[in-house]
Structure formats: C-alpha cells, structure tokens
> 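Attaching a single structure in structure tokens format; questions to follow.
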Amino acid sequence: MTKEQLINLIALAIGRAQEAGEIGQVESLPPLVIDVPKNRAHGDYASNIALILAKPLKMPPRSLAEIVVKHIQALDAASSEPSIDAIEIAGPGFINFKLQGGWLPQVIEDIVAKGEQYGRSNAGEGRKVLVEYVSANPNGPITVAHGRGGAIGDAVASLQAHAGYDVTREFYVNDALNSTQMNNFARSVFYRYQQLFDEQLAKDDPYGDADWLYGGDYIRDIAIEFRERYGAEYEGVDLHNDEAIAKLREHVMNGTIDQQKEDLAAFGIVFDSWVFESQLYESGKVREAISELVERGETYEHEGALWFRSTKYGDDKDRVLRRSNGSYTYIAGDIAYHREKFHRGFDLLVDVWGADHGGYVARTKAALSAFGTDAGRLKVLLFQLVRILKDGEMVRSSKRRGNILELKADLIDEIGKDAARFFFLMRSSDVPLDIDLDLAKEQSAKNPVFYVQYAHARTCSVFEKASQLGIAVPAAADLSLLTQQTEADLVKKLRDLPDEIAYAARQYEPHHITHYLRELAALFHTFYDAGNNDTALRVLCEDAAVRDARLVLVSAVRTVLRNALGVLGLSAPEKM
RNA sequence: GCCCCGUUAGCUCAGCGGAUAGAGCAUCCGCCUUCUAAGCGGAGGGCCGCAAGUUCGAUUCUUGCACGGGGCACCA
C-alpha cells in the first residue's frame, strides 16, 4: 500500500463515519497528511486527523480516532488485498499504522525502475523560472562570498528543475556606463600595468595611498594578464584622463569576466545566460522602464532629480531614479532588469543576494508592484555573510581593498570543488557561515562530504567485489528476504528522497539535501558494517537469494546517493 | 531610530504545529583474520534567550523585550 492509497483510505473512512452519523459534517476537510513518525515504534505512518477534527466536530480526539479506526479496519478487511498489519491509537489521538511488508519491495522496485529519474516530480508543471545568482561586479575575481551565493543559486536552480520547473540560470553583469567604481578599477589596473614597465614608478608607488586605488594583489595579476594580451600598447595611457580610461575600461572588464567564467566553471557552475547592464541602457530598456513608471504616475521630480514613490508600496523611503545631473542610478538599471525578466516570459524569478543587499528587496518588489506585477512572483534569497578563519584569525573580506578571498585560489584549490560546495550547502542561508580553511584542508573523516562520498564508493566496491567473485548483479530478486532492521531503516530513508527534494525545492532550501545525504550515508554505513561483525549479514553472504536481494538494495542505495549528490552538483566517486 | 537574520548540548548547527528535541565535532569506553576501520557501536552532556498570546498541543506561529550580526546614498 502506498502513502496515497492510505490517505485515500482514511478519507473514505471519514466519509463512512459521517454517513453513519457517528461524526458530524465539517465545512471543509483539511488536506489529509500522514507523517512518517520519528520513532519507529510508532509504526510506518501516523495520522493526526483526529486531533485536527476534534475541535470542529466538538469531540474528544481519542473517541473520534476510535470511530475512524473502526471504519478504516472495516474497509481494509473488505478490500481484495488487506494491507494494514496493525493500527493503534496513541498519545492524545494519533492513529499509527503498521503496514504489511509490501511497502519495502515497492520502494526498491520504484527506484530501480526510475533510476536517474528517481526523486524528480512534476510539481512545477513546466512553469518557467529564472534563477539569477553570483552576479559579481566585473571588477575583480569571484570571491568566497560569491561562492556561497553560487552554490546556493545553482542548487536551488537544480532543485527547481527536479521539481518540474523549466529553469534558466542567469548572471547579471553590472557594467554600467555611469560607474565611478569601474573607472577607478580600470585606472588601478592601468597604474599597476605601467609599473610593470617602469621600475622607478614601481618603487616610488606615488598612488599607493590614492583613494581611487584598488588594493589587493589581484589588481597586479590582472595587470600582468593585460600585458600578456596587449603588450605595451597602452603603456602611455594618462591616468588622469577619464575619457581615455573609460574607453579602455572594456578591455580590462572583458578580461575580468573571462576570468570569472573560468573560476565558476572550476566550481561546476555554467550559466545559461549573461545579461549586461550596459545593454539594458543601449537597447533603451532602462529609459522604457522609467518612462512607464512616469506614465503610471509612480514618480515625481524633486530638486532636479526624478524619484520613484516606492513608499507607496511599502519601502522605507522614496528612491532616486535619475540624478539631478541627468544620469541614472543603479536601481534604475535594476528595475529595468527585473521588468525585462518578466517580459521574457518567466513565471517566477529567484534572486540570490548577499544579506548586505537586504535593503534592496523592498524597493525591487515595490517597483514590480508599480508595474502592476505581483511582487510575490519574485523570490529573493538572502544569504548571510561568509566568514573565513585562517591561521586561527577571522579574515574580513572586502571588495574594495585587499584581503579578498578568492573562491578558486583560496577555497577550491585548497579543499576541492565538492567539499567547497558541500560546506556552502550544509547550513541554512539564514545563518552566517564560518569556514575554517585549516580544518577544511584536512580532508579527513571530519569532512562530511567524504563521509557521504565514501558511502557511494562503498556501494561500488560491493559490485566490484561481486564481479571479482563472478557474481552477476540480478535484475530482480525476492525482496521480501530483506528482513533486517538495518535494511528496513535504509529503505525508509530511500523512500524519502522525492519528498525531500520537493520540500527543499518548495522552500528554496538546499541544505535539507546535505542533511539527507548524511543521514542516508550513516544508515548505509551501519547496514554495511553489520557484515563486519557477522558474515551472514554481508551483502555477499552465503545464501544466494538473500545476497541477490541485498545487491538490488545496494544498487538502489547507489542510485539514490548519486541522484541526491547530483542535485547539489557533487560528484559520486566510485573509488576513494 | 527603522528594516532583515540569528539566539537549541562544551563548540558548529538540523529540527516541515505533534509523541521521549536530534546530528557532527570535542570528551570517555569498546569493535580491524573484514564485502574499503576514510567505517561502526555505546556513554555523558539541554529552563530550545526571556515573557505573554493563539492552539487539544508551541523549540516550531504572533507580539513585546534582551543580546549578537548585517543593512539603512542623487555609491554599485
């Protein structure tokens, strides 16, 4: 009996009880949900329906439960295939079900049949969702903080895809023309570039303390790359000539973006789409968006600037869209960008931002509301800051100055792509993340990703061993022979994957999957280890029928581990 | 001052309105003639920040308070 069948049975029993006049009618029956109790002594499934109906029906929960149970038993007994083994009323009025063994083979057969598809659902019904993440400014490398956003965004996108949405992954490049920061960035690169040709300039370092100078060694790295690409072609650029700098800025920026793409690829992230803020300006989308706000009467002029009356939609204060000097503000581009996303036909937008951008949620949603779009169709995921511990000290990462911790050099090269992704996804986005680089470098059992991947490698080693012994992996087996408690526990966990993925997708919380993986790995290790103490409990035991059943079980475990790792973009090594 | 996030075991954190609140690390005690010990079993350790409210039932929802972090530009 499946979960759905049990729910139907309960609904039917309530209907019978109502027909018999034993319980009253309710306006609307709440959706029936049944849980898998944490405590296995409480059975396979538990329903709290009697507790929920107690109030509207004005009956004590326990007696209500007794009536419902009576009808459930009658219905089950009358069915062609009675499948409830035991049913009991517990505590304040829970109805606990123990089903006959049939569910266990069903779960395994389902996994074997679905293979890579196991865990997917069609809840999204193909609706189009755009997930935008990382979106680092083109003035430096991808940092560890971007890495957290990248891991979360990529996992959320993957979860949505598994939940049946049509997902697009997008990176938004803030290369706006009115950017003072970008000019300073280019100026800094050219200064370091000139120093490569002029020893005296390098020694004197006249602008070493200039306000506009970007600190950090990565600027020098970019200058070196620039020299490799263009040689001495731009050696004579006047650092104080804003126009000349602005003209050459693009060269610098393209190099930076290429580098970002490389770093992201090393992290396993590839975007479907890159949108440039400059193109929104050039194509007139920004002007268009602002004009629409003006036409809709959502703006006003004040002291020469154009303001968006965002307070009308719950923002703290109104926002300037166009400065008194005629240039657009950052949010003008951002508003146009979000408007444009919906124009491209997406049903749902997900933005992944650092918590330091939390203040932008209200104004962005306000803009959508002003366009007459339901702001609920934009989901903004804020993740708390990443803190880095190195040599026992907290390192503060800063984009403008030095101390930048680069995702590639400082994390991926140290602990590997999989470990980095796993650590980023181990915690809820709402919690600050500490990464102790020294500890993470250890690559020991303390590292949970190894624990999980090792479980997968172990499943593979069983098949390896079987093959050496000339034992073929059976296509089917008598799964009713899986009678050990460790086996039942394992299969119950395997059964949870579709629910876990659906839940994590619905909540936009990938960390549930890392927890699931650890739990599943632990149950597999326990199951496996039982064979170390008792050879009869090994997968490759004497009894061929039991052995075949266990091989099918291990195959299902391998599939589920692989699928769950895959959702998070983690590899499933066959050997470790 | 206002907005967002947090407060659960020594530490870092899970916990989807339910039953005896969990995991990892750390500490202590056990298990290698092994299908991979990169593993497993066991023990100790909790006013779930405080106070109200809603509920049959609150660690979970609401409000207030306290403490900690982040954010409050005609910067991006």
Side-chain angles (χ1 to χ4, degrees), chain A residues 33 35 37-39 41-42 46 48 50-52 54-55 60-61 90-94 96 137 139 174 176 178-182 277 302-307 315-317 319-325 327-331 333-334 354-362 382-385 387 399-400 426-434 436 439 443-448 450-451 453-455 457-458 460-466 468-469 499-500 503-504 506-507 509 511-512 514-515 518-519 521-522 524-533 535 537-541 547 550 554 575-576:
Chain A
V33 283
D35 290 327
K38 283 181 236 163
N39 186 339
H42 293 139
N48 62 354
L51 294 163
I52 289 171
K55 177 112 187 195
F94 291 101
N96 294 336
N137 288 343
N139 59 358
N174 291 125
N178 58 3
S179 160
T180 316
Q181 259 194 49
M182 282 308 301
E277 186 182 11
H302 177 66
E303 293 179 351
L306 180 70
W307 294 70
D315 195 6
D316 289 343
K317 53 185 80 167
R319 307 291 169 180
V320 171
L321 295 170
R322 196 176 57 227
R323 302 184 186 91
S324 45
N325 71 9
S327 64
Y328 288 107
T329 59
Y330 167 77
I331 73 156
D334 218 39
D356 53 341
H357 286 62
Y360 293 84
V361 178
L382 296 177
F383 61 90
Q384 297 295 312
L385 299 183
R387 295 186 299 209
K399 184 99 207 180
R400 301 294 299 276
M426 259 172 61
R427 303 213 180 118
S428 153
S429 330
D430 291 336
V431 174
L433 180 69
D434 288 337
D436 183 336
L439 181 72
Q443 299 209 9
S444 69
K446 291 173 190 170
N447 191 336
F450 290 122
Y451 181 78
Q453 290 183 322
Y454 181 51
R458 261 186 160 175
C460 296
S461 84
V462 170
F463 294 113
E464 174 82 20
K465 187 76 183 178
Q468 283 169 15
L469 296 173
D499 283 347
E500 289 283 350
Y503 179 72
R506 197 164 58 244
Q507 302 292 120
E509 290 176 342
H511 73 275
H512 294 295
T514 57
H515 287 278
R518 293 173 76 171
E519 288 162 6
F524 177 72
H525 286 310
T526 299
F527 159 78
Y528 181 94
D529 200 67
N532 285 341
N533 300 319
T535 51
L537 295 178
R538 290 190 189 180
V539 177
L540 304 175
C541 59
R547 186 191 67 205
R550 287 188 185 145
V554 172
K575 241 188 170 66
M576 292 181 73

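Only this structure's heavy atoms are used, side chains among them; waters, hydrogens and symmetry mates stay out. Below, chain A is the first sequence line, B the second, and so on; all start at residue 1.
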> Starting at atom CZ of A:R387, determine the distance to atom P of B:rG68, rounded to an integer number of angstrom.
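Going from CZ in A:R387 over to P in B:rG68 covers 14 Å.
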
> Donor-acceptor pair, A:H512 side chain versus A:E500 backbone, under 3.5 Å?
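Pair absent, no side-chain N/O of A:H512 close to backbone of A:E500.
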
> Any strand counts, and the cut-off is 3.5 Å on both contacts for Watson-Crick or G-U wobble. Which nucleotide pairs with B:rU20?
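Per the H-bond distance test, none.
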
> Just how far, in rounded Å, is P of B:rG70 from CZ of A:F383?
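Distance check: A:F383 CZ to B:rG70 P gives 15 Å.
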
> With the side chain of A:E500 defined as its heavy atoms from C-beta on, choose the nearest nucleotide among B:rG69, B:rC16, B:rC74.
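Ranking B:rG69, B:rC16, B:rC74 by closest atom to the A:E500 side chain puts B:rC16 first.
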
> Using Watson-Crick or G-U wobble geometry with both distances under 3.5 Å, which nucleotide pairs with B:rA37?
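The base-pairing partner of B:rA37, which may sit in any strand shown, does not exist here.
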
> Which part of the nucleic acid, if any, lies within contact of A:A305, taking any heavy atom under 4.0 Å across all strands shown: a base, the sugar-phosphate backbone alone, or nothing?
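Base, at least one base heavy atom under 4.0 Å.
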
> Check this one for me: any side-chain N or O of A:H525 less than 4.0 Å away from OP1 or OP2 of B:rG41?
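Result: no.
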
> Take atom NZ of A:K575 and atom C1' of B:rA38, then tell me their distance rounded to the nearest Å.
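Rounded to the whole Å, the gap is 15 Å.
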
> Does a side-chain N or O of A:R458 approach OP1 or OP2 of B:rA37 to a distance below 4.0 Å, or not?
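Yes, A:R458 has a side-chain N/O under 4.0 Å of OP1/OP2 on B:rA37.
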
> Hey, does A:Q453 have a side-chain heavy atom less than 4.5 Å from the side chain of A:M576?
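A side-chain contact under 4.5 Å exists here.
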
> Output yes if the stacking criterion (under 5.5 Å between centres, under 30° between planes) is met for A:F94 over the base of B:rA19, else no.
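Stacked: ring centres under 5.5 Å, planes under 30°.
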
> Regarding A:R322, tell me which of base, sugar-phosphate or nothing describes its non-hydrogen contacts under 4.0 Å with the strands shown.
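Nothing, no nucleic acid heavy atom in range.
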
> Could you state the atom-to-atom distance from NE2 of A:H511 to P of B:rC5 in whole Å?
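That distance rounds to 15 Å.
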
> When the nearest nucleotide of RNA chain B is assigned to A:A90 and to A:Y454 on a heavy-atom basis, which residue is associated with the more 5' position?
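The residue closer to the strand's 5' end, by nearest nucleotide, is A:A90.
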
> Could you tell me how far B:rG17 sits from B:rU59 if I compare only their C1' atoms? Round to whole Å.
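Nearest-Å result for B:rU59 against B:rG17 at atom C1': 11 Å.
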
> Heavy atoms from C-beta onward define the side chain here; which of B:rC74, B:rA73, B:rA23 lies closest to that of A:K317?
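Of all the options, the side chain of A:K317 is nearest to B:rA73.
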
> Measure NE2/A:H515 against P/B:rC13 and give the value in whole Å, please.
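Rounded to whole Å, this separation is 11 Å.
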
> When the P atoms of B:rC56 and B:rU12 are compared, how many Å lie between them, rounded to an integer?
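Result for the P pair: 38 Å, nearest Å.
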
> Going by modelled atom types, is there a donor-acceptor pair between the base of B:rG18 and the side chain of A:N48 at under 3.5 Å?
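Answer yes: a donor N or O sits under 3.5 Å from an acceptor.
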
> Rounding to an integer number of Å, can you tell me how far A:L540 CG sits from B:rU36 C1'?
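Going from CG in A:L540 over to C1' in B:rU36 covers 13 Å.
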
> Nearest to the side chain of A:H512, heavy atoms from C-beta on, is which of B:rG15, B:rC35, B:rA14?
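The answer is B:rG15, which lies nearest to the side chain.
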
> Indicate yes or no: at least one non-hydrogen side-chain atom of A:M426 is less than 4.5 angstrom from one of A:R518.
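Side-chain contact under 4.5 Å: yes.
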
> Could you check whether A:H357 gets within reach of a base, just the sugar-phosphate, or nothing at all, counting any heavy atom under 4.0 Å?
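It contacts base atoms.
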
> Within the structure shown, what part of the strands sits under 4.0 Å from A:N532 by heavy-atom distance: base, sugar-phosphate, or nothing?
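Base, at least one base atom sits under 4.0 Å.
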
> Using both distances under 3.5 Å as the test, list the Watson-Crick or G-U wobble partner of B:rA14, or none.
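Pairing partner, where one exists within any strand: none, as none qualifies.
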
> Between B:rG6 and B:rU27, how far apart are the two P atoms, rounded to whole Å?
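Pairwise P distance, B:rG6 against B:rU27, rounds to 31 Å.
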
> I want to verify a distance call: between B:rC4, B:rC40, B:rG15, whose nearest atom is closest to the A:L382 side chain?
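Taking heavy atoms from C-beta onward, the closest nucleotide is B:rC4.
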
> Give one of base, sugar-phosphate or nothing for A:V539, where a contact means two heavy atoms less than 4.0 Å apart.
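Base contact.
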
> I'd like the P distance from B:rG49 over to B:rC31, given in whole Å.
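The answer is 40 Å between these two P atoms.
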
> Considering every strand shown, what is the Watson-Crick or G-U wobble mate of B:rG1 when both distances are under 3.5 Å?
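Partner of B:rG1: B:rC72.
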
> Considering only atom P, compute the distance from B:rU36 to B:rA23 and round it to an integer number of Å.
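Per the computed distance, 28 Å lies between those P atoms.
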
> Side chain of A:R427, heavy atoms from C-beta onward: which of B:rC5, B:rC2, B:rA14 has the nearest atom to it?
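Nearest listed nucleotide: B:rA14.
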
> How is A:A457 classified with respect to the nucleic acid when contacts are heavy atoms under 4.0 Å: base, sugar-phosphate, or nothing?
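The residue A:A457 makes base contact.
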
> Classify the nucleic acid contact of A:P432 as base, sugar-phosphate or nothing, counting any heavy atom under 4.0 Å across all strands shown.
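Sugar-phosphate, backbone atoms only, no base.
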
> Establish, with yes or no, whether the OP1 or OP2 oxygen of B:rG39 is under 4.0 angstrom from a side-chain nitrogen or oxygen of A:T526.
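Answer is no, no contact under 4.0 Å.
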
> Mind checking A:D499 for me? I need base, sugar-phosphate or nothing, with any heavy atom below 4.0 Å counting as a touch.
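It contacts nothing in the nucleic acid.
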
> Can you tell me the pairing partner of B:rG49 across any strand shown, Watson-Crick or G-U wobble, with both distances under 3.5 angstrom?
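Its partner is B:rC65.
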
> By nearest atom, which of the nucleotides B:rG70, B:rG39, B:rC56 is closest to the A:D529 side chain?
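Taking heavy atoms from C-beta onward, the closest nucleotide is B:rG39.
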
> Taking B:rC5 as the reference, what is the distance to B:rC75 when you measure between their P atoms (whole Å, please)?
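So the two P atoms sit 28 Å from each other.
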
> Mind checking if A:S428 touches a base, just sugar-phosphate, or nothing, with heavy atoms under 4.0 Å?
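Sugar-phosphate only.
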
> With a cut-off of less than 4.0 Å, is there a side-chain N or O of A:Y451 near OP1 or OP2 of B:rC40?
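Indeed, a polar side-chain atom of A:Y451 lies that close.
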
> Picking from B:rC2, B:rA37, B:rC16, which would you name as closest to the side chain of A:Y503?
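Closest nucleotide to the A:Y503 side chain: B:rC16.
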
> Assign A:S461 to base, sugar-phosphate, or nothing according to its heavy-atom contacts below 4.0 angstrom with the strands shown.
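Result for A:S461 = base.
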
> Please state the C1' separation for the pair B:rC48 and B:rU8 - nearest whole angstrom.
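It works out to 4 Å between them.
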
> For the residue pair A:R322 and A:W307, establish whether any side-chain heavy-atom pair is separated by less than 4.5 Å.
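With C-beta onward as the side chain, the pair stays apart.
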
> Can a donor-acceptor pair under 3.5 Å be found between the side-chain atoms of A:T329 and the base atoms of B:rC74?
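Flag unset: no donor-acceptor pair detected.
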
> Indicate the atoms forming the closest heavy-atom contact of A:R550 with A:R538, along with that distance.
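Result for this residue pair: NH1-O, 2.7 Å.
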
> If we only count heavy atoms from C-beta on, is the A:P61 to A:L51 side-chain gap below 4.5 Å?
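Yes. Closest side-chain heavy atoms under 4.5 Å.
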
> Quick one: which of B:rG6, B:rC35, B:rG24 gets closest to the side chain of A:R538?
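Shortest atom-to-atom distance from the side chain points to B:rC35.
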
> Expressed as a whole number of angstroms, how long is the span from A:N533:CG to B:rG30:P?
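Distance, rounded to whole Å: 17 Å.
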
> Write down the distance between CG (A:L469) and C1' (B:rC35), rounded to a whole number of angstrom.
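About 8 Å, once rounded to whole Å.
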
> With a 4.5 Å heavy-atom cut-off, do A:K575 and A:C460 have their side chains touching?
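A:K575 vs A:C460: side chains apart.
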
> Pick base, sugar-phosphate or nothing for A:A46, based on heavy-atom distances below 4.0 Å to the nucleic acid.
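Touches a base.
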
> Is there side-chain contact between A:R319 and A:T329, with at least one heavy-atom pair below 4.5 Å?
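Not touching, per the 4.5 Å side-chain cut-off.
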
> If only side-chain N and O atoms of A:R323 are considered, is one of them under 4.0 Å from the OP1 or OP2 phosphate oxygen of B:rC74?
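No, A:R323 has no side-chain N/O under 4.0 Å of OP1/OP2 on B:rC74.
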
> With rounding to the nearest 0.5 Å, note down the distance linking CG in A:N137 to CG in A:N174.
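Between A:N137 CG and A:N174 CG, I get 5.0 Å after rounding to 0.5 Å.
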
> Considering every strand and a 4.0 Å limit on heavy-atom distances, what is the contact class for A:E303: base, sugar-phosphate, or nothing?
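Here A:E303 touches the bases of the nucleic acid.
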
> So which nucleotide from B:rA37, B:rG18, B:rG70 ends up closest to the side chain of A:Y528?
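Nearest to the side chain of A:Y528 among the choices is B:rA37.
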
> When you compare B:rA58 with B:rC65, how far apart are their P atoms, in angstrom units rounded to a whole number?
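Between the two P atoms, the distance is 24 Å.
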
> On the 0 to 90° scale, with breaks at 30° and 60°, tag the A:F527-A:F524 ring pair as parallel, tilted or perpendicular.
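The arrangement is tilted - the two ring planes meet at 30° to 60°.
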
